[in-house]
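What follows is one structure encoded as structure tokens, with my remarks underneath.
Within every chain, numbering begins at 1; the chains are lettered A, B, ... in the order of the sequence lines, protein sequences first and strands thereafter.
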Amino acid sequence: MHPRPPRQSPDDDPQAKFLRLFLSSERELFRYVSALVPNVADAEEIMQQTAVALWKKFDQFDPAQPFTPWACRFAINFVKQWAASRERWKKLLEAGLAEELANRRVQLRPQFESRLSHLDQCLEKLPAEQRGIVEDYYYRRQTVADIAATTRRSVESVYKTLQRVRTSLRQCIEEAVLLGETPA
Amino acid sequence: MNFPSTEFDDAVAAACHGTGSDADVTALHAILQTHLEARDAYLWQVELHSFLASRANARFLDGDLAPKTDVVPLGDARTRPIVRWMLATVAVTLAFAVGLFWPDRMTPEPNAKGIADHPDLPRLIVVEESEPSADLPDESPGFAAQGIIRDTVRFASASDAPILVATGGLEPLELGADVPYDSRADTLHVWNWSQSTRSQVWPEVRAWVEQRFCLSPDGTWLVWRHGDVLNLVTGERSKIDLGGDFHLGRRGDSLVRIEHLQFTPDGQRLALLLDEVELTKSDHPLRKNDLTTTPVFQIVEFPAGTLISQFPAGVPADLPLAFSADGKRVASQYPREKSGVRIVERDVSTGTVRREYESQLSEFVSAIGWSPDGSLLAVVGISGEALVWDTESGQLRHQVPLGQSTSSVHLCFSPDGKFLAISLFPGFNAKLVVIDVATGKIVATLKQETSGSIHWAADSQSFDVLYDHRGILEAKDKAGRHVMYNRFPEVKTFKMEEIRGKG
């Protein structure tokens with residue numbers, strides 16, 4: 001048995017620091033990756049690789065600088081590696097499209113944040129069945145096949161419902177922005 | 001593809017779901033290359049999708065979306081995510097990460113080298129330089145517990161031989177080793193743990209973590225679901241046509257065809273759990289057909305691949321599927337009409353129902369097993385009960401409460417049929433239980449780290465437990481840095497004379 005080292009306060013502990021920074025920027029990082037690789041499973045795989053790389057290089061992080069842009073630079077490299085190994089994704093790498101999309105998203109981000117502030121009230125307006133599918137798919141991470149089995153619908157119909165839900169949400173949010181509604 | 005168009009919107013949606021075809025993805029990127037307005041529309045659509053997805057963990061942790069236990073029909077497919085959620089709760093405490101996924105890649109052809117031919121290889125990856133210590137600060141819940149990191153290895157073991165295979169790096173590994181995390185652990189390792197705790201590496205055989213594979217009961221044949229076959233004794237490689245692991249030959253949640261595969265006890269057949277795709281007439285006025293998937297079991301000859309029988313897989317569409325020792329009967333679970341599950345015994349050759357066992361279980365079953373002579377059938381339900389039936393009469397012989405609900409279970413009768421060993425991972429208190437089959441009494445209860453598969457010695461006097469779901473360890477090395485480890489399986493031997501009466 002090795003003697004237990006003195007306990008560190010969370011402020012001293014690099015893992016605690018890393019976790020605090022990573023978790024606070026995780027959503028934004030995920031959305032950054034998703035802008036380039038939209039499928040959740042693929043984006044999560046890239047996130048996992050990014051998280052490991054960030055931790056390995058954490059001693060090089062300058063705490064005086066913001067964490068998220070530093071993390072995004074790692075993430076886009078993993079996105080490129082991921083796309084380079086998949087034939088059908090190689091066009092994402094041509095003519096700097098990946099960087100341009102990432103940069104454009106940064107420009108649009110304030111507008112997106114404004115729109116997304118209306119999301120909850122728009123979700124409330126969805127019919128209960130559609131809201132249930134949103135919760136199953138996005139929040140409970142059920143597969144479309146599982147949702148189809150549970151709700152006794154076809155897989156195709158669940159996909160179509162999810163597409164319709166996103167269209168409805170987009171329209172609802174854009175209307176709310178146009179009407180200048182106060183977010184709930 | 002034009003912009004704006006429904007086709008464009010559909011292509012973005014398909015990209016979000018991972019269901020877009022090669023042509024869709026290429027066309028989408030081509031539009032994005034040339035059309036600046038399309039980029040804004042794409043980014044907004046994707047932003048909405050990823051924003052919803054990114055809220056998942058927070059909403060679970062906030063308790064905003066607790067599992068719908070109150071509305072879930074028991075035995076329903078929805079219970080599987082709930083079990084995963086329960087396991088994740090356990091993982092927060094134990095710093096285990098449950099669940100794997102990785103992109104699908106095809107496996108290169110296995111090499112032709114046999115284990116015996118393999119020269120000595122460099123020493124294993126050691127953990128001396130980064131020896132784990134379990135003093136993580138309370139304030140640091142850990143990467144694995146946070147769900148950021150998942151284990152990146154996959155294992156399969158033989159039911160009747162001390163053979164284990166796994167994915168790993170290029171260095172030999174010790175059973176029970178905590179191996180520094182490597183997201184590219186893609187090489188085949190084979191152990192014969194009766195001879196050595198050290199693995200033999202097959203450096204030219206790629207075994208990716210996302211690929212499903214199974215081992216024959218005697219540990220000779222390793223079969224991947226896409227049909228690659230490797231003889232671990234001779235190194236011969238071959239193919240079996242299992243019909244393809246994907247319906248459309250590409251990755252996608254709903255398009256996986258072969259979910260699981262396992263050998264029958266004689267090693268002569270394979271059981272496949274499939275998602276069969278069917279077109280049904282749509283009742284929507286604008287649609288001709290709907291696409292549905294149905295879980296089924298197929299039994300095929302090995303290595304010929306000839307179909308023997310096919311029958312519904314029931315719900316939840318997941319193993320366990322248990323074969324009698326003679327390979328003639330198979331038992332699996334199906335939902336009852338109102339709640340709970342029934343256990344159905346079928347004829348393997350025809351798939352026809354021979355008997356149904358009324359389990360009285362209010363929730364589904366985690367493990368099923370036959371006694372060696374086929375006279376008894378045992379199940380363990382996640383509600384925490386073991387049931388043993390007489391297969392001649394169909395009468396329930398024993399109903400043994402195990403104390404707590406269980407989520408991960410292995411069970412195995414001793415070769416003489418006198419004992420039933422059950423390895424449970426019930427919540428925070430994993431344990432090993434041995435039941436005297438004649439009396440239905442528990443004769444031994446021991447604590448264990450997690451659950452593992454049980455392998456009895458031929459004389460029924462002892463058994464090994466192979467703990468192959470040890471997850472991820474996060475610990476500090478000697479320099480005080482936190483390091484992540486994949487925890488490789490370990491084997492523990494239990495002698496009946498030593499454990500009897502314990503607990």
Side-chain angles (χ1 to χ4, degrees), chain A residues 2 4-5 7-8 10 13-16 19 22-23 27 30-31 34-35 38-43 45 48-49 51-52 55 87-89 91-92 94-95 97 100-101 104-105 108 112 116 119 134-135 138-146 148-150 154-157 159 162-163 166 169-170, chain B residues 9-10 12-13 15-19 22 25-26 29-30 32-33 39-40 43-56 59-60 65 76-78 80-81 101-103 131 133 135 137 139-141 143 146 148-150 181 183 253-254 275 280 290-293 315 317 480-482:
Chain A
H2 293 268
R4 291 168 67 89
R7 291 177 69 85
Q8 292 174 305
D13 181 357
Q15 193 205 25
L19 269 178
F22 183 83
L23 294 175
R27 279 196 205 182
F30 177 77
R31 287 159 63 186
S34 297
N39 178 247
V40 172
D42 296 334
E45 181 205 336
Q48 176 156 329
Q49 292 175 340
V52 173
W55 170 242
E87 192 58 39
R88 62 177 170 155
W89 281 85
K91 256 198 152 22
L92 179 66
E94 289 176 9
L97 178 62
E100 288 194 20
L101 284 173
R104 182 62 182 155
R105 186 185 166 275
L108 292 171
F112 287 168
L116 291 170
L119 179 64
V134 167
E135 290 178 355
Y138 287 108
Y139 303 157
R140 294 192 173 82
R141 299 285 173 93
Q142 288 192 26
T143 64
V144 169
D146 275 350
T150 305
S154 69
V155 167
E156 189 69 8
S157 128
Y159 275 123
L162 282 165
Q163 285 180 27
R166 274 208 306 277
L169 287 174
R170 204 169 63 230
Chain B
D9 289 344
D10 287 347
V12 180
C16 291
H17 291 295
T19 56
D22 291 1
V25 174
T26 305
H29 285 142
L32 295 176
Q33 288 278 6
R39 292 183 189 178
D40 289 2
L43 285 168
W44 168 230
Q45 204 176 139
V46 169
E47 188 76 14
L48 182 57
H49 176 85
S50 64
F51 183 78
L52 285 165
S54 71
R55 297 172 105 192
R59 298 197 60 153
F60 264 119
L65 272 166
D76 189 290
R78 279 177 189 250
R80 274 178 290 146
F101 68 79
W102 211 252
E131 191 173 352
S133 69
D135 55 342
E139 297 80 4
S140 300
F143 305 126
Q146 290 287 340
I148 297 169
I149 305 299
R150 302 171 184 84
Y181 180 90
S183 63
D253 283 347
S254 64
D275 275 330
T280 54
D290 284 324
L291 189 68
T292 58
T293 59
V315 177
R481 295 166 304 187
H482 276 87

Problem set entry | chain B contact via A/L92 - which portion, at a heavy-atom distance below 4.5 Å | both
Exercise. How many angstroms lie between atom NE2 of B/H29 and atom CG of A/L101, to the nearest 0.5 angstrom?
Worked result: 7.5 Å
Seminar exercise, completed: Per-residue tally against chain B (heavy atom, under 4.5 Å) across A/E94, A/E100, A/Q163, A/R170 peaks at A/R170
Seminar exercise, completed: When rounded to the nearest 0.5 Å, the distance separating NE2 of B/H49 from CZ of A/R166 is 6.0 Å
Exercise. Heavy-atom distance under 4.5 Å to chain A: side chain of B/D40, backbone, both or neither?
Worked result: both
Problem set entry | Atom pair CZ/CG of A/R31 and B/L43 - distance to nearest 0.5 Å | 12.0 Å
Seminar exercise, completed: Under 4.5 Å to a heavy atom of chain B? For A/A148 that would be neither
For this session: Report the C-alpha separation of B/V25 and A/K91 in whole Å, then their side-chain angles, then the decisive distance to 0.1 Å, and conclude whether the side-chain contact (heavy atoms from CB on, under 4.5 Å) test is met.
Result: CA-CA 9 Å; B/V25 174; A/K91 256 198 152 22; over 6 Å; no
For this session: Determine yes or no for a side-chain-to-main-chain donor-acceptor pair under 3.5 angstrom, with A/N39 supplying the side chain and B/A15 the backbone.
Result: no
